[in-house]
Amino acid sequence: MGVGSDLENTVTPPGESRSSVAKYIRSIGRHYVLAVVVMTVLIGATFLTVKVALDRHSLQQNISYLIGRQFIRFQQLGNQTRAIMRASADPNMPEYIVRPMLKDVQGAIDDIRAMSAQLNALNVEVEANLLERLNGRDAASEKLRLELDGRLEDFLQRAERVVTAKLQDRRERYSFWGPIDFAVSSDSMLMRQFSALIESAHDRSDVSIDHTRLISAVLLSLTAATLILATLILFIPLLIKLRTEHRRTLDFEIKLTHLAHTDTLTGLGNRSSFNEALNGLFSSVERTGAGFSMLLVDLDHFKAINDSFGHPAGDAVLNHVASALQKTFRAGDVVARLGGDEFAALIPGISDTATLEGIAERAVAAIATECRFEGRLLPVSASVGGAVVPGHASDEATLMRIADLALYAAKAKRNTAVIFDEASFAQRLEQNRLAAALAFAADRDEFVVYYQQKVNLQTGEHLGFEALVRWHHPQLGILPPGRFLPLMEGHLINSMTRCIIGIVARDLRAWKAAGLNVGSVAINLTEALLVSQDGYDLIAAAVKANRLDWRDFAIEVTEDVFLNRGADQIAETISRFRKHGVAISLDDFGTGFASLVHLRDFPFDELKIDRSFVAEIGKDIRSEQIIRAIIDLARNLGKRCVAEGIEEESQRHFLLNAGCEIGQGYLYAKPEPALAAVERLARRPALRGIAGRSRRLRVESIS
Ligand code: C2E
Ligand code: MG
Ligand code: MG
């Protein structure tokens with residue numbers, strides 16, 4: 001199962017979780033509104049209850065106050081009435097004194113009655129009060145009130161009778177103590193009842209305050225409880241849910257980050273995680289000065305594995321390499337797949353090249369272990385390049401470039417580890433510069449031709465030249481082909497050869513015009529030029545443009561032509577050359593892969609024995625035997641034999657004895673510029689007459 005589907009199964013994406021949270025928040029919103037309504041109702045109820053209770057309390061206070069006032073008025077009335085009675089008993093009391101007293105008594109009676117009416121109205125109001133109705137009336141105090149009302153009325157009527165009686169009546173009726181005593185007794189009963197009623201009114205008022213307190217406390221507690229419950233029931237689950245969602249989002253992000261940093265095929269880190277780790281290591285180098293090292297790993301022939309065994313096999317190889325690297329490195333090291341068949345490792349704490357070399361070699365060996373896929377053994381090997389920090393680089397770009405150079409060097413050998421060193425870097429840098437300059441060498445006419453003589457070994461007679469390219473580098477001077485040919489690719493070799501053939505053709509025309517007989521000039525052609533026929537066309541064009549003879553040219557090809565895919569086309573091109581009488585040499589014979597079948601079928605004219613054999617003449621008997629065999633072979637096939645690199649007389653002697661008649665080498669002449677080459681010819685007695693012509697040639701070419 002892929003990591004992607006794994007993610008889908010285990011983690012809900014944040015978008016989905018957000019919508020579920022939104023749904024949840026909506027439902028919580030509804031509950032919240034309900035809670036607010038409940039609380040509002042509770043608070044309203046509390047307010048109303050408190051208001052009702054306070055109304056009741058205030059009515060009871062009024063009642064208690066009015067009873068008190070009525071009581072005082074009642075006492076005043078009692079006293080005033082008694083005072084009238086006493087005054088009435090005095091026959092000398094003038095009427096004009098008694099009359100205002102009577103008026104006062106009547107005023108008190110009216111006041112008391114008015115108060116009673118008010119009290120009745122207040123009692124009706126209290127009875128209508130909700131709390132009063134819920135609590136129920138106090139039967140004892142109600143009874144007391146009614147009794148008091150009756151007695152009071154009784155008392156008032158007596159007092160009224162006193163007021164309304166005629167003077168004479170009053171004198172007669174109230175000159176006795178009896179009625180007064182009765183009045184006093186009923187008066188004292190009333191006083192007790194009054195005080196009892198006042199006390200009861202007070203008590204009821206206190207009770208209503210207590211009720212108010214109790215009810216409001218209960219309602220407020222309910223409100224608080226609702227609030228707390230709403231918080232607990234509604235918000236705590238919401239908080240828990242939000243927390244869970246937050247965790248899930250974090251998990252998702254962690255997984256995403258992991259995915260963004262992981263190579264899905266091998267499970268190793270990918271390029272971005274590698275870059276981050278590299279950044280981190282450079283920062284720690286700045287902070288602590290602790291160094292580290294880096295290895296770049298590139299598989300050898302990975303494309304061939306994919307092409308020949310299929311992509312599943314390629315994947316198996318990549319996984320094999322990943323696990324080999326994981327086994328090679330420690331936990332703190334960073335191993336990543338940068339892409340394709342490129343891997344890399346960062347090793348913190350290792351900053352010396354010797355230790356790194358050991359680790360890199362272990363990695364190469366671990367990768368080269370057996371790798372099987374569907375029962376088949378897959379060929380796996382890798383090239384590893386490494387560099388250390390701060391020894392080799394102090395920034396990322398330099399480190400990558402340097403490790404890459406080391407990897408490049410390793411790739412030249414394959415299945416090898418190369419740790420960067422200054423010398424190879426300088427060489428590579430030089431090669432890069434040369435390669436860059438080479439691109440313009442043909443256009444700037446920087447290629448020159450040196451000619452090396454081919455001679456008859458017996459007589460020393462000049463037979464022809466081999467044209468050998470040199471590069472006149474603007475700063476470095478004349479460079480031999482060994483310095484720049486390996487750096488050249490297809491089209492550059494093409495344009496270089498065009499230059500060479502052009503120069504040789506012009507020289508040949510000049511020499512021929514000067515009447516010199518220099519023999520044929522051999523041109524070294526690469527396989528590509530023969531496969532594509534470009535080589536043929538170049539020579540044909542040169543022959544035509546300079547009105548030369550095809551035979552003025554000879555062609556040298558190496559044995560590698562036999563291994564070329566286009567060997568048939570090469571053979572065809574060669575045949576076309578030969579039809580024009582152009583001689584074909586098989587160069588560097590003995591060092592390549594020519595088999596006898598190739599020799600039998602390939603159309604050529606001469607074999608050139610490689611100078612590595614010639615150099616061993618007199619030193620290595622086996623090389624001598626090989627030379628003899630080659631010479632015999634050439635003779636038996638009816639071909640000429642040419643020996644290269646003859647530097648000593650003994651070599652010439654051996655070759656002559658062995659039957660080789662043509663040679664080339666420093667013993668006769670080094671490769672030289674055109675003028676030097678023809679002047680050499682002029683000095684030879686066999687070619688008298690050439691000297692004068694070559695001098696003319698020099699004058700012509702200088703002018
Ligand atoms: P080659 O075609 O085998 O050329 C002979 C090489 O042997 C030349 O090296 C020549 O200088 C060297 N040589 C000849 N006699 C002696 C000797 O007595 N002692 C020693 N030590 N060396 C001797 P050079 O000029 O450096 O060329 C090297 C190779 O470069 C040539 O090997 C040929 O393969 C290639 N090359 C040269 N010019 C051209 C060219 O124009 N086109 C192509 N395609 N390749 C060329
Ligand atoms: Mg050659
Ligand atoms: Mg050669």
Side-chain angles (χ1 to χ4, degrees), residues 438 441-442 446-455 457 464-472 478-505 507 520-532 534-535 538-539 542 553-561 564 570 583-592 594 604-617 627 630 640-652 654-655 660 662-674 676-677 680:
L438 261 179
E446 288 171 359
F447 290 116
V448 291
V449 176
Y450 275 31
Y451 295 92
Q452 189 181 30
Q453 258 190 331
K454 286 183 181 178
V455 296
L457 292 182
F465 286 118
E466 178 176 5
L468 294 161
V469 66
R470 298 290 181 267
W471 177 21
H472 191 176
I478 297 290
L479 299 179
R483 282 285 293 279
F484 58 89
L485 275 188
L487 306 178
M488 295 175 88
E489 294 188 1
H491 77 281
L492 278 185
I493 292 190
N494 251 353
S495 39
M496 178 195 81
T497 310
R498 180 176 290 112
C499 285
I500 301 306
I501 292 172
I503 296 168
V504 170
D507 284 344
S520 62
V521 177
I523 306 285
N524 290 283
L525 288 185
T526 58
E527 303 150 53
L529 282 166
L530 295 169
V531 174
S532 68
D534 282 352
L538 285 174
I539 301 276
F553 287 101
I555 303 295
E556 294 194 9
V557 294
T558 60
E559 282 175 284
D560 294 345
V561 290
N564 195 289
I570 293 175
I584 307 295
S585 298
L586 212 46
D587 206 356
D588 304 340
F589 189 77
T591 57
F604 69 101
D605 302 279
E606 67 181 29
L607 272 183
K608 289 185 84 173
I609 303 171
D610 192 71
R611 66 185 154 90
S612 58
F613 297 112
V614 176
E616 292 299 312
I617 292 174
I627 292 172
I630 293 173
R640 289 194 298 273
C641 196
V642 182
E644 281 186 320
I646 304 167
E647 293 183 1
E648 289 161 17
E649 179 54 36
S650 57
Q651 291 166 345
R652 183 189 78 94
F654 172 89
L655 288 161
C660 175
I662 307 169
Q664 187 181 341
Y666 294 174
L667 179 67
Y668 298 98
K670 287 189 170 179
E672 303 159 308
R680 174 185 300 280

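Side-chain atoms are counted along with the backbone in the values below, which use heavy atoms only and exclude waters and symmetry mates. Start at 1 and go down the list; that is how both ligands and their atoms are numbered. Residue numbers run from 1 in the order of the sequence given.
- Distance check for Glu556 against the Mg ion (ligand 3): none of its N/O/S atoms falls below 2.8 Å.
- The protein non-hydrogen atom at the shortest distance from atom 16 (C) of ligand 1 is Tyr666 CE2, 3.4 Å.
- Counting only heavy atoms from C-beta outward, the side chains of Phe465 and Gln453 approach each other to under 4.5 Å.
- Salt-bridge annotation for Glu606 and Arg640: present, with a side-chain N of the basic residue lying under 4.0 Å from a carboxylate O of the acidic one.
- Using a 4.5 Å cut-off on side-chain heavy atoms (C-beta onward), Ile539 and Ile555 make contact.
- The closest approach between Arg470 and ligand 1 falls below 4.0 Å for a heavy atom of the residue.
- Counting heavy atoms from C-beta outward, Ile617 and Ile646 have side chains that stay 4.5 Å or more apart.
- Contact annotation for Asp587 and ligand 1: only side-chain heavy atoms (C-beta onward) come within less than 4.0 Å of the ligand.
- Remark: ligand 1 atoms within the under-4.0 Å shell around heavy atoms of Thr526 are 44 (N).
- Here the CD-CD distance, from Glu559 to Glu527, works out to 11.0 Å after rounding to the nearest 0.5 Å.
- Distances between N or O atoms of Asp588 and those of ligand 1 include at least one value under 3.5 Å.
- Each of the atoms 15 (N), 18 (O) of ligand 1 lies under 4.0 Å from some heavy atom of Gly665.
- In summary, the atoms of ligand 1 found under 4.0 Å from a heavy atom of Gly645, numbered by their order in the structure, are 15 (N), 16 (C), 17 (C), 18 (O).
- Residue contact check for ligand 1: Thr497 places no non-hydrogen atom closer than 4.0 Å to it.
- Counting only heavy atoms, the protein gets under 4.0 Å from atom 22 (N) of ligand 1.
- Remark: minimum distance from atom 42 (N) of ligand 1 to any protein heavy atom is reached at Asn524 O, 3.2 Å.
- The shortest contact between atom 11 (O) of ligand 1 and any protein heavy atom is with Pro671 CG, 3.1 Å.
- Taking the side chain as every heavy atom from C-beta outward, Val614 and Glu647 never approach each other to under 4.5 Å.
- A donor-acceptor pair under 3.5 Å is formed between the side chain of Arg680 and the backbone N or O of Tyr668.
- Of the protein's non-hydrogen atoms, Arg611 NE, 4.2 Å is the one closest to atom 6 (C) of ligand 1.
- Atom 34 (O) of ligand 1 lies below 4.0 Å from none of the non-hydrogen atoms of the protein.
- Distances from the Mg ion (ligand 3) to each N, O or S atom of Asp588 single out OD1 as the nearest.
- With Asp588 contributing its side chain and Asp610 its backbone, the two residues share no donor-acceptor pair below 3.5 Å.
- Residue side and main chain included, Thr558 places no N/O/S atom under 2.8 Å of the Mg ion (ligand 2).
- The nearest heavy-atom contact from the protein to atom 8 (C) of ligand 1 is Leu468 CD1, 3.8 Å.
- Rounded to the nearest 0.5 Å, atoms CD (Glu556) and CD (Glu644) are 6.5 Å apart.
- Residue-ligand proximity, Glu647 to ligand 1, at heavy-atom distances under 4.0 Å covers atoms 17 (C), 18 (O), 19 (N), 20 (C), 21 (N).
- The shortest side-chain heavy-atom distance between Val557 and Leu586 falls under the 4.5 Å cut-off.
- Here OH of Tyr450 is found 12.0 Å from CD1 of Ile500. Values are rounded to the nearest 0.5 Å.
- Looking only at protein heavy atoms, the nearest one to atom 15 (N) of ligand 1 is Gln452 NE2, 2.9 Å.
- Of the listed options Gln664, Gln453, Glu644, Arg483, Glu644 places a heavy atom closest to atom 3 (O) of ligand 1.
- Once rounded to the nearest 0.5 Å, the distance linking CE of Met496 with CD of Glu446 reads 13.5 Å.
- With hydrogens and angles disregarded, a donor-acceptor distance shorter than 3.5 Å links the side chain of Gln452 to the backbone of Ala669.
- Below 4.0 Å from some heavy atom of Met496 lie the following atoms of ligand 1, by number and element: 42 (N).
- Annotation: side chain of Leu457 is in contact with side chain of Cys660 (closest heavy-atom distance under 4.5 Å).
- Here the protein heavy atom with the shortest distance to atom 38 (N) of ligand 1 is Val469 N, 3.0 Å.
- The closest side-chain heavy-atom distance from Val642 to Glu466 is not below 4.5 Å.
- Heavy-atom contacts of Leu485 reach the following atoms of ligand 1: 30 (O), 35 (C), 36 (N), 45 (N), 46 (C) (cutoff under 4.0 Å).
- Remark: at the Mg ion (ligand 2), atom OD1 from Asn524 and atom OE2 from Glu466 enclose 90°, rounded to the nearest 10 degrees.
- The atom of Asp587 nearest to the Mg ion (ligand 3) is OD1, with the search restricted to N, O or S atoms.
- For the pair Tyr451 and Pro671, the minimum side-chain heavy-atom distance is 4.5 Å or more.
- Nearest non-hydrogen protein atom to atom 28 (C) of ligand 1 is Pro481 CG, 3.8 Å.
- Within the 2.8 Å limit, Glu644 places no N, O or S atom next to the Mg ion (ligand 2).
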